[in-house]
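Right, one structure below, let's go through it.
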Amino acid sequence: MNRIRPLDHLILILGTLFMVMPVVVAIMTSTHTAVEIHTGGLQLLPGDDGYDTYQTVLTRQGGFTGQVTGARMVMNSLILGLGFAVGKIVLSMAAAYALVYFRFRFATLMFWVIFTTLLLPLEVRIMPSYQVMSSLGLLNSYTGLIVPLLASATGTFYFRQFFKSIPDELLEAARIDGAGPVKFFIDVILPLSKTMMAAIFIIMFVYGWNQYLWPMLMTTDERFFTLMRGIKQILQVWVGSQIPDYNEAFALAVLALLPPVLVVVVFQRWFIKGLTESDK
């Protein structure tokens, strides 16, 4: 076994470097000017333009209206990610709670009907969803960005599996104490579900934060542009001798990386514990 450990460590180190190097290259490249990047390509060493670049992307007003900033796009992405994650947890917990603890006909059939929606990704239902949001006047709004994304079975599946692992004795004890469905949910289910909620929050926040196609269709007002759209807008600029601001695009990419990384770092223990507990 001792002969194998150095090889294991080497493989892990190489794998880590393989995953981290693109991030390092993006950070280093973002500290150079657009001209240096255009002429010299990706950079492995830091430049002298880092502070000015990040200050520019966060505070400079730009776009067609001259009013949108990087900080505004970061806020929009945060609202989308947080709203999607929290809404997903609320709806998924409510649906899973009803399927597990309320005895009614065809509950299992209803669950599998919900589960089959996993076979319908956003790209399949995007045009009907867009038409509904347009008819309701929810284009260029946070509601229109968040609500259509909440309809999927991922969270319901995980919470259902977790609720089924909770001993029935807790339900019987709550009934003996006179607790109704709402009190049982608040006093028993919610405290036990903290780790699972953290796990689902990470998955859904990252999914919502990285959305590009749906915000691109839903938003024509620059005040609602997300960070992913901002990066694309920068790279689309190529007029005459003007070159895209590659440094600003890389800076926005680094900023787009930070919130998901922070969420994973903060909740990683709960994330692992929540996923393992759901398998019991």
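Residue indices begin at 1 and follow the sequence shown.
- The hydrophobic cluster containing Phe111 also contains Phe102, counting ILVMFWY residues as joined when their side-chain heavy atoms lie under 4.5 angstrom apart, directly or transitively.
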For this session: Check the pair Leu150 / Phe84 against side chain to side chain contact (heavy atoms under 4.5 Å, CB included), numbers first and verdict last.
Result: CA-CA 7 Å; Leu150 301 180; Phe84 175 71; 3.8 Å; yes

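- Met21 and Leu12 fall into different hydrophobic clusters, where Ile, Leu, Val, Met, Phe, Trp and Tyr are joined by side-chain heavy atoms under 4.5 Å apart, directly or via other members.
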For this session: I would like to know whether Tyr246 and Thr29 meet side chain to side chain contact (heavy atoms under 4.5 Å, CB included); could you show each step before the answer?
Result: CA-CA 9 Å; Tyr246 293 114; Thr29 304; 6.0 Å; no

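- Checked against side chain to side chain contact (heavy atoms under 4.5 Å, CB included), Ser92 has the following partners two or more places apart in sequence or in another chain: Lys88, Thr156, Phe159.
- For CZ of Phe18, the number of neighbouring non-hydrogen atoms (other residues, nucleotides, ligands) closer than 6.0 Å is 12 at most.
- The shortest non-hydrogen separation linking Ser30 to Ala251 is CB-N, 3.7 Å.
- Side-chain atoms of Leu192 and Leu170, non-hydrogen and from C-beta on, do get closer than 4.5 Å to each other.
- In this structure, the side chain of Thr33 engages the main chain of Glu36 through a donor-acceptor pair within 3.5 Å.
- No donor-acceptor pair under 3.5 Å is formed between the side chain of Asp221 and the backbone N or O of Asn140.
- In terms of heavy-atom proximity, Met204 sits nearest to Gly155 at CE-N, 4.0 Å.
- Looking at heavy atoms from C-beta onward, Thr154 lies out of side-chain contact with Tyr207 at the 4.5 angstrom threshold.
- Side-chain contact check for Leu213 versus Met216: some heavy-atom pair is nearer than 4.5 Å.
- Atoms NZ and CD, on Lys164 and Gln161 in that order, are 7.0 Å from each other to the nearest 0.5 Å.
- Considering every non-hydrogen atom in both Phe225 and Asn76, the closest pair reads O-ND2, 2.8 Å.
- Residues Val147 and Leu138 do not share a hydrophobic cluster, defined by chaining ILVMFWY side chains whose heavy atoms lie under 4.5 Å apart.
- Distance CD1/Ile200 to CZ/Phe162: 10.5 Å, rounded to 0.5 Å.
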Exercise. When you look at Thr69 and Thr59, which way does the side chain to side chain contact (heavy atoms under 4.5 Å, CB included) test go after all the steps?
Worked result: CA-CA 6 Å; Thr69 64; Thr59 61; 5.9 Å; no

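- With hydrogens and angles ignored, the 3.5 Å screen pairs a side-chain donor or acceptor of Arg72 with a backbone N or O of Arg223.
- One hydrophobic cluster, built from ILVMFWY side chains closer than 4.5 Å, holds both Tyr158 and Trp112.
- In terms of heavy atoms, Phe163 sits closest to Met93 at CE1-O, 3.8 Å.
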Tabulate below the donor-acceptor pairs under 3.5 Å that side-chain atoms of residues 180-188 make, not counting sequence neighbours, or state none.
| unit_1 | atom_1 | unit_2 | atom_2 | d |
| --- | --- | --- | --- | --- |
| Lys183 | NZ | Asp187 | OD2 | 2.8 |

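- Clustering ILVMFWY residues whenever any of their side-chain heavy atoms sit less than 4.5 angstrom apart, transitively, puts Val20 in the very cluster that holds Leu258.
- Side-chain contact between Trp214 and Leu80: absent, with no pair of heavy atoms (C-beta onward) separated by less than 4.5 Å.
- Within 6.0 Å of the CE atom in Met110, the count of heavy atoms belonging to other residues, nucleotides or ligands does not exceed 12.
- In terms of heavy-atom proximity, Leu217 sits nearest to Tyr130 at O-CE1, 3.4 Å.
- Side-chain atoms of Pro215 and Met228, non-hydrogen and from C-beta on, never get closer than 4.5 Å to each other.
- Not one N or O on the side chain of Ser77 forms a donor-acceptor pair closer than 3.5 Å with the backbone of Val74.
- Proximity of Asn247 to Thr56: side-chain heavy atoms (C-beta onward) are nowhere separated by under 4.5 Å.
- Across Gly144 and Ser141, no two heavy atoms sit closer than the pair N-OG, 3.1 Å.
- No donor-acceptor pair under 3.5 Å is formed between the side chain of Asp245 and the backbone N or O of Ala34.
- Atom NE2 of His9 is separated from atom OG1 of Thr16 by 11.0 Å, given to the nearest 0.5 angstrom.
- For Gln131, the CD atom sits in a loose shell: 12 or fewer heavy atoms of surrounding residues, nucleotides or ligands are nearer than 6.0 Å.
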For this session: List the steps and the verdict of side chain to side chain contact (heavy atoms under 4.5 Å, CB included) for Thr219 and Tyr142.
Result: CA-CA 10 Å; Thr219 57; Tyr142 295 121; over 6 Å; no

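- For the pair Val265/Leu262, no side-chain contact is recorded, criterion being any heavy-atom separation below 4.5 Å from C-beta on.
- Note that the OG1 atom of Thr220 and the CG atom of Leu139 stand 7.0 Å from one another [nearest 0.5 Å].
- Trp209 places a side-chain N or O within donor-acceptor distance of the main-chain N or O of Ala256, the cut-off being under 3.5 Å.
- For the atom pair CG (Leu58) and CG (Leu252), the distance works out to 8.0 Å, reported to the nearest 0.5 Å.
- Considering only heavy atoms from C-beta on, Thr226 stays 4.5 Å or farther from Met73 through its side chain.
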Show which side-chain atoms of residues 40-51 pair as donor or acceptor with protein atoms under 3.5 Å away, not counting sequence neighbours.
| unit_1 | atom_1 | unit_2 | atom_2 | d |
| --- | --- | --- | --- | --- |
| Gln43 | NE2 | Gly41 | O | 2.9 |
| Asp49 | OD2 | Thr53 | OG1 | 2.9 |

